[in-house]
Protein chains: 2
Amino acid sequence: MSLKHVAAVAGVSPSTASRVLAGVDRNVDPELARRVRLACDELGYRVNAAARALRLQSTGSVALVVPAIANAYFCELVAAYSHRLDAGGRRLVTIDTNETLASETRQLGAMDRVLVDAVLVVPVDHRESAAAINDVMRNHTVVQVDRVAAGAGAPSVRLDNAAGMKLLVEHLREHGRRRIALIDAQERSSSSVERVEAFRALAGPHDSVMQMASFSMSSGTEAASRLLADRGTADAVICTADVVAIGVLTALQHGGLRVPAEVAIASFDGTSLTDVATPGLTSLRSPVDAIVTASLEIIDGGTACDVVVDPALVVRGSTVVGS
Amino acid sequence: MSLKHVAAVAGVSPSTASRVLAGVDRNVDPELARRVRLACDELGYRVNAAARALRLQSTGSVALVVPAIANAYFCELVAAYSHRLDAGGRRLVTIDTNETLASETRQLGAMDRVLVDAVLVVPVDHRESAAAINDVMRNHTVVQVDRVAAGAGAPSVRLDNAAGMKLLVEHLREHGRRRIALIDAQERSSSSVERVEAFRALAGPHDSVMQMASFSMSSGTEAASRLLADRGTADAVICTADVVAIGVLTALQHGGLRVPAEVAIASFDGTSLTDVATPGLTSLRSPVDAIVTASLEIIDGGTACDVVVDPALVVRGSTVVGS
DNA sequence: CTGAAAGCGCTTACAG
DNA sequence: CTGAAAGCGCTTACAG
């Protein structure tokens, strides 16, 4: 099962066997190479990951530590990183921390059992996540993505949440909305903190904030039932995740409210979910490709900077009739 | 950065330093232990994953290779495995193969760069995936989950798809449906093959099958628009994924069809998505916990058997008024 | 072109 | 209780 066995069967030294398998060093007698490959097939040999990584001091893998892949936005991030790394002969391993600090701490603490060159992390908590992140940094290149933890020494790539919120609120104001309900979740995440703060700064006396348990469609339906309970309180809704917005949209419609006539709905993220509802969902498209590019550049280039990317407002029928 | 440095700073041998850090072997002079821990903190030392794994011949990690985490069912699987392993001091690393054989082959081929003890794989293709799976088996304990590939030598844990389809069809028939449209995707997956085959065996002259591109809500909305185009063709829909069913349900309602009065909708999976729509979605609840338990038992026990689990029909308002 | 040797960083019998 | 030594499986200068 080891290279030594293969070499023995092929009648060569481990050095030669290694050269053949690595594909490096073209200068190997074709006949010997053939024997090595034959021996591999016979023995069902596969190189040992740990030994190889120990020797090379590198792996081709990157970890992405996300709070919850059930959130469509993180799904999109996973897909984008996975695709990009795959194209470059590397791979992504995703680790879910279930939006809990305890699990995040455990998972980051155990990164020394996972073979990766770098760690991309979406911190669960805007304060408490710092310790675990600083810990992983001892061993790994780390980049904070989408969210940050105060006191964490890792570079970051994130959205300009304040600018995004401003785009959404101004868009709704332009269309006459004066009673906007912000529906948020995971209030301990830095993005929530930033968004809620930006919203309050722009809010008028009739605007309000509602906190839900999680970024999920069911949070959306639950928020909608509260909204329906005091019908008329809100003439617009902003969700901090489009997966929530989809739930809100369909549930409000079922409750008999006309969208956007009676209630306008808009959200952050702008994943492909914005297409599935009727009407389409006005959202803030996150430049996922730019985020992926910037964070991988930090990892590969070793430059430790903080990058802020701009969202773009995409107007659809959920806020403006016929869009 | 290595244990040798730590030992040097603490004024002990690497052996002693290792004993202190591993926590094993309580018989270490408390004073030496203190010095070792101090040195660790000072130097920011963290154990090297590759070296440790090479020495111990084991890691505490398990890989789950899924076709697409955008499918809510796989999200649920990820969450369940992750939670269970986390509780046992192990961890899950998830790898997405994007429902393509090429990516799956690359990812499985590169499992020798990822540090895991075992690989749980949901094969993309019911035939072509076998080669890559047999390859990984050289190095790893492998279990096929949810789908299988013909010719793959790995044990498997899966749903009784034929029984599930029978439950759904009979339920719809009992409620008078005679024109059932089966909406499927990923027809090269073993689960699709089994489900479509079971459906055809039960199908009458007015039942039909529609194949979509992917398991996503947008596939559902697209399928719905086709259904609406020839209104009256179907009086019931079975989706092979509930994420698709949610798309179908909301889009059909927007198209003016009453559910379940004019069209009944039911699906496989039974994830938490079944709650978010109105009416609730009748579905075949997959026993995710049983799947997780069975597959981890195979991994841990080393027993190589094929396990088939039974789905349970959960009736909601999408097929029977008021359920 | 090929092989013997060193070494990646760790852990654990083994001897003291 | 502690340390010197061996070895996990691989790769790559180095010498030939």
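In what follows, chains carry the letters A, B, and so on, assigned in the order in which the sequence lines appear, proteins first and then strands, with residues in each chain numbered from 1.
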key: Nearest-Å distance once atom C1' is located in both dT12(D) and dG16(D)   = 16 Å
remark   = In whole angstroms, the gap separating P of dG9(C) from CZ of Arg46(B) amounts to 17 Å
Closest contact, heavy atoms only, Ala50(A) versus Ala53(B) = CB-CB, 3.9 Å
key: Distance, rounded to the nearest Å, where Arg52(B) contributes CZ and dC8(C) contributes P   = 20 Å
query = Expressed in angstrom and rounded to an integer, what is the separation of Leu21(B) atom CG from dC10(C) atom P?
reply = 9 Å
request  = Would you mind checking if Glu99(B) and Arg147(B) are paired as a salt bridge, meaning a charged N to carboxylate O distance below 4.0 Å?
outcome  = yes
request  = Give a yes/no answer on whether the side chain of Ser15(A) brings an N or O atom under 4.0 Å of OP1 or OP2 in dT2(C).
outcome  = no
task = Specify the separation, in whole Å, of atom CG of Asn139(A) and atom P of dG9(C).
result = 11 Å
ask   = Any side-chain N or O of Gln57(B) less than 4.0 Å from the OP1 or OP2 oxygen of dG9(D)?
value = yes
message = Given dC1(C), dT2(D), dT12(C), identify the nucleotide with an atom nearest to the side chain of Thr16(B).
response = dT2(D)
task = To the nearest Å, give me how far apart CD (Glu31(A)) and P (dT2(C)) are.
result = 10 Å
key: DNA chain D: 5'-proximal contact among Val12(B) and Asn48(A) (nearest heavy atom)   = Val12(B)
inquiry  = Given dT2(C), dC10(D), dT11(C), identify the nucleotide with an atom nearest to the side chain of Ser18(B).
reply    = dT11(C)
Nearest to side-chain heavy atoms of Val47(B), which nucleotide of dC10(C), dT2(D), dC10(D) = dC10(C)
query = Quick one: are Ile291(A) and Tyr81(A) in side-chain contact, heavy atoms under 4.5 Å?
reply = yes
key: Base partner of dC14(C), which must satisfy Watson-Crick or wobble distances under 3.5 Å   = dG3(D)
message = The side chain of Val28(B) is closest to which nucleotide in this list: dT11(D), dC14(D), dT2(D)?
response = dT2(D)
query = Got a salt bridge between Asp86(A) and Arg106(B), using NZ or NE/NH1/NH2 to carboxylate O under 4.0 Å?
reply = yes
ask   = Is a salt bridge present between Arg19(A) and Asp29(A), judged by a nitrogen-to-oxygen distance below 4.0 Å?
value = no
ask   = Counting side-chain heavy atoms from CB outward, which of dC10(C), dC10(D), dT2(D) is closest to Ala51(A)?
value = dC10(D)
ask   = With a non-hydrogen cut-off below 4.0 angstrom, is Ser2(A) in contact with a base, only sugar-phosphate, or nothing?
value = sugar-phosphate
remark   = Testing dA4(C), dT12(D), dT2(D) for proximity to the side chain of Leu32(B), the answer is dT2(D)
ask   = Taking CG from Leu54(A) and C1' from dG7(C), how many angstroms apart are they, rounded to a whole number?
value = 9 Å
query = Would you call Asp125(A) and Arg188(A) a salt bridge, taking side-chain N to carboxylate O under 4.0 Å as the test?
reply = yes
inquiry  = In this structure, how many angstroms lie between the P atom of dG9(D) and the OH atom of Tyr45(A), rounded?
reply    = 10 Å
key: Closest to the Arg55(A) side chain, choosing from dC10(C), dG9(C), dA6(C)   = dA6(C)
task = Quickly work out the Leu56(A) CG to dG7(C) C1' distance and round it to whole Å.
result = 13 Å
task = Please determine, for the side chain of Asp29(B), which listed nucleotide (dT12(C), dC10(D), dT2(D)) has the closest atom?
result = dT2(D)
